[in-house]
Structures are given as C-alpha cells and as structure tokens.
Visitor: 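I have a structure here, written as structure tokens, and I will follow up with some questions on it.
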Amino acid sequence: MGQDIDPFRAIAISRRAHDLKEEGRRILHMEFGQPSTGAPQAAIARAHEILDSDAMGYWESRPLKDRISQHYKDSYGVEVSPSRISLTCGASPALVLALASAFSPGDRIAIARPGYVAYRNTVRALNFEPVEIPCGEDVRYQISAAALDALDPAPQGVIIASPANPTGTIIPADELAAIAAVAKAKGIRIISDEIYHGLTYGPAIHSMLEFDPDAYIVNSFSKYFSMAAWRLGWLVSPREGVKRTGAYIGNLFLTAPSLAQHAGLVAMDAREELNGHVEVYRKNRELLLEALPKLGLARIAPPDGAFYIYADVSRFTNDSLGFCLKLLEDTGVATAPGVDFDPVEGHRFIRFSFALSTPEIEEALAKLIPWFGAL
Ligand SMILES: Cc1ncc(COP(=O)(O)O)c(C=O)c1O
C-alpha cells in the first residue's frame, strides 16, 4: 500500500482565493511560485504555427535536447550529451523519474527542512524514507556538506535545490563542491533541482554537474521561462543511468507535450524578454525587503534567487495556515503557509511569492501595511 502524504496546503489557500475572486473580491496571488507573465512572444507565435501545420503525435524533440545540451556548455562549461537528457512534463515528473530509477524501496533520501513540499511527499509516495536535515537561519536554510556528512547512517541519496524554495537562498560553489566530495566518499547519489536557475539577483549560479558529473539534474520551463502550464521540463541522467531512465520514462510518462517542446525550443533564445522579467522580480524583491521589516517581519533570509521571501511570523502567530487564511480573508493577499515546507518549524513562517508585476506588489504592500500595523 502507498504511504499517506500531506496535501499541499497552499492549494487550499488558492482555492479560497479563487472563491473570493468569484464573489467579486480583488485578489493578489502571492501563494504560488508562478510567473504572472505568459510564455515568451516568439514561443507563442511558434505554437500558433505548429497548431496549424502539425498533427502532433508522441514526439521527442531532438533539436530541443541539442539546445539544452548547448545550454550546459554555454552556462556552466560542462559537456552533456543530448542522449543523457530526457524531456518531461515539468520538473515534477523529472523528480519522480530520478528517484524511481536511482533508488530502491526503503532507501533514505536526505532533504533540507524547510524545503519544497513535494520532496518530502514524493519521496514518501515512492516508498523511500525522507531524512530531514533541519536548516535554520544560521545556514541560510540550506544543506551543508558538514550536515550531510554528519548523517549516520549515511543516506543513499540527497536532494539539493539552489536557489531553494521556499527561501531563494543559494549554495555557493565551494559548498557545492564540498557536498559533491562528501557524496562521493559516502556513495550518496545527488539529485540537484535547478528549476530556479536564471532567476538570481547577485551571486553566481552553478550547476551541480560542475562538481559531480554523476548527479541527476532536474529542471523545467515553469519558472525562468514563464511556461508553467505548458508542462515541460527535463532530467539529465548520469551516463550509466541513461538506459534505465529511458525505460522508466517510456513506461511511466511517454513523451512531453509536443506543442510545448516546439515552443520551448524558441523560448530558450528569448533571453531579452525573459531577462526583462528577472528585472521586474529584482525590483519586487527590493520593495519587499525594504517594506517587510517595517511590518515586523524582520527575520528573513534575503533571497539570492527564485522569487520567494520566507518570513518568520512568530511575533503574530503559532498557526501559519490560519494566519494565511485570515490574511487572505481580510486583505485579498494570498500567501503560502510555512507548514507546507517545514512540518516542525513552519507554523511560524509564511512564504510570499513576488512573481507578480511591480504595480501588483505595490498594491499588495498597500494592503499589508495597515493589516500588519493593526495586529
Ligand atoms: C523547487 C521546485 N521544484 C519543482 C517544482 C515543480 O515544477 P514543475 O512545474 O516544473 O513541475 C517546483 C514548483 O514550484 C519547485 O518550486
């Protein structure tokens, strides 16, 4: 029998937000990490062409795999043969594919707490055992090589995410190298979720492939490329894992949507438009980092990347879900409760997503300021 797993509570917040919207309320969606911009214009134009000209059967785009391979060379200086790249319906199936094909039932997989809600739950759903590493403000909510090394017995796997969800913090290059060294010494397989690459506000970003050529790399078009609903992502498998990944994807998922693959190829070269979104997020981040401390939300790790701010609300509540619901009812601002990301400490955190337009962020702040002021 499968294991029981927790629901994604932000979905309940989002449902309530949509109900309120239908009742005519103005809602600002800061609960999901979802760009409010659409796919790049050129990608949409390509999709229109394909709809009119292609019957669209099961298909795996060789040009897209070649383009992704080129991206690893250009961005990180690493060679990744296109044969190691599997195209998936987003990062979510890529994670399932990596876990299912690299580990055996009962294997222990280390994850950061707080961390993306689906890590803990997907690991459990696939009958592996999550080993949560508590990562506090002192380590900027990230797994360190020392913390991984300290696990006894060593886990079979570790999932790292840099930039991370829900905090946006990055693991610096020397720490990635140290994690790779610990993993190699102890036979720990690394899965690196690089879905927020492209969305950074200062520090250089590195792929785990620069330090561990045998890591599984998860990525997607949902964030930087602003194509969440097109359901397109990829998995890079180590050379010796390619055959098994191919067999698993063929049986579990078949192919990614062919329309999305055509559009995704074009999106990979829409840098000017996409980097424009990053500039909007940079501005939004600055606005929030300036305003939130004045609301009493001073304990936050300034995000190096992604589009989240994870804020300590313990001054106001011990029940982050109830707090998010009340905030939504009173102000129309939807946020995600920390309990999604951290079942132990998350009752005193909430996560703001700033993947909105700057006027929307300003509007949200105009509602948050009096609300927090009255608490
Ligand atoms: C860290 C992380 N990984 C994976 C995903 C899933 O993304 P996708 O839409 O590509 O399935 C998300 C979505 O928010 C995420 O935050």
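In each ligand, atom 1 is the first atom listed, and ligand 1 is the first ligand listed.
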Visitor: Looking at ligand 1, would Y196 count as a contact under a 4.0 Å heavy-atom criterion?
Guide: yes
Visitor: State whether a side-chain donor-acceptor pair under 3.5 Å links S226 with T37.
Guide: yes
Visitor: If we count only N and O atoms by modelled type, under 3.5 Å, do the side chains of E279 and N275 hold a donor and an acceptor together?
Guide: no
Visitor: Below 4.0 angstrom from a heavy atom of S222, which ligand 1 atoms are there? Numbered from 1 as shown, please.
Guide: 8 (P), 9 (O), 10 (O)
Visitor: Take atom CD in E23; do more than 12 heavy atoms of anything else shown fall under 6.0 Å from it?
Guide: yes
Visitor: Which protein heavy atom lies closest to atom 7 (O) of ligand 1, and at what distance to 0.1 Å?
Guide: I195 CD1, 3.3 Å
Visitor: Is P93 in polar range of ligand 1, meaning some N or O pair under 3.5 Å apart?
Guide: no
Visitor: At what distance is the nearest protein heavy atom to atom 6 (C) of ligand 1, and which residue and atom is it?
Guide: S92 OG, 3.4 Å
Visitor: Quick one: which ligand 1 atoms are inside 4.0 Å of a heavy atom on R231?
Guide: 8 (P), 9 (O), 11 (O)
Visitor: Can you tell which of L95, I159, D193 gets a heavy atom nearest to atom 2 (C) of ligand 1?
Guide: D193
Visitor: Answer yes or no: does an N/O atom from Y308 fall short of 3.5 Å to an N/O atom of ligand 1?
Guide: no
Visitor: Would you say the side-chain atoms of E31 and T335 include a donor-acceptor pair closer than 3.5 Å?
Guide: no
Visitor: Pairing donors with acceptors under 3.5 angstrom, does anything connect the side chains of Y196 and D304?
Guide: no
Visitor: Between A91 and ligand 1, which residue portion shows a heavy-atom distance shorter than 4.0 Å: side chain, backbone, both, or neither?
Guide: both
Visitor: Check each of S162, S207, S220 against E194 using the side chain to side chain donor-acceptor pair (under 3.5 Å) test, and report the only one that passes.
Guide: S207
Visitor: Please check if the distance between the ring centroids of F352 and Y310 is under 6.0 Å.
Guide: no
Visitor: Determine, for Y201 and R282, whether the Lys NZ or Arg CZ falls below 6.0 Å from the six-membered ring centre while staying within 45 degrees of the axis.
Guide: no
Visitor: Going by the order shown, which atoms of ligand 1 are within less than 4.0 Å of some heavy atom of S220?
Guide: 10 (O)
Visitor: With heavy atoms of K223 as the reference, note each atom of ligand 1 found under 4.0 Å away.
Guide: 13 (C), 14 (O)
Visitor: Fit a plane to each ring of Y281 and H277, take the angle between them on a 0 to 90° scale, and name the class: parallel (under 30°), tilted (30 to 60°) or perpendicular (over 60°).
Guide: tilted
Visitor: Has Q34 got any heavy atom lying under 4.0 angstrom from an atom of ligand 1?
Guide: no
Visitor: Mind checking whether Y119 has a heavy atom under 4.0 Å from ligand 1?
Guide: yes
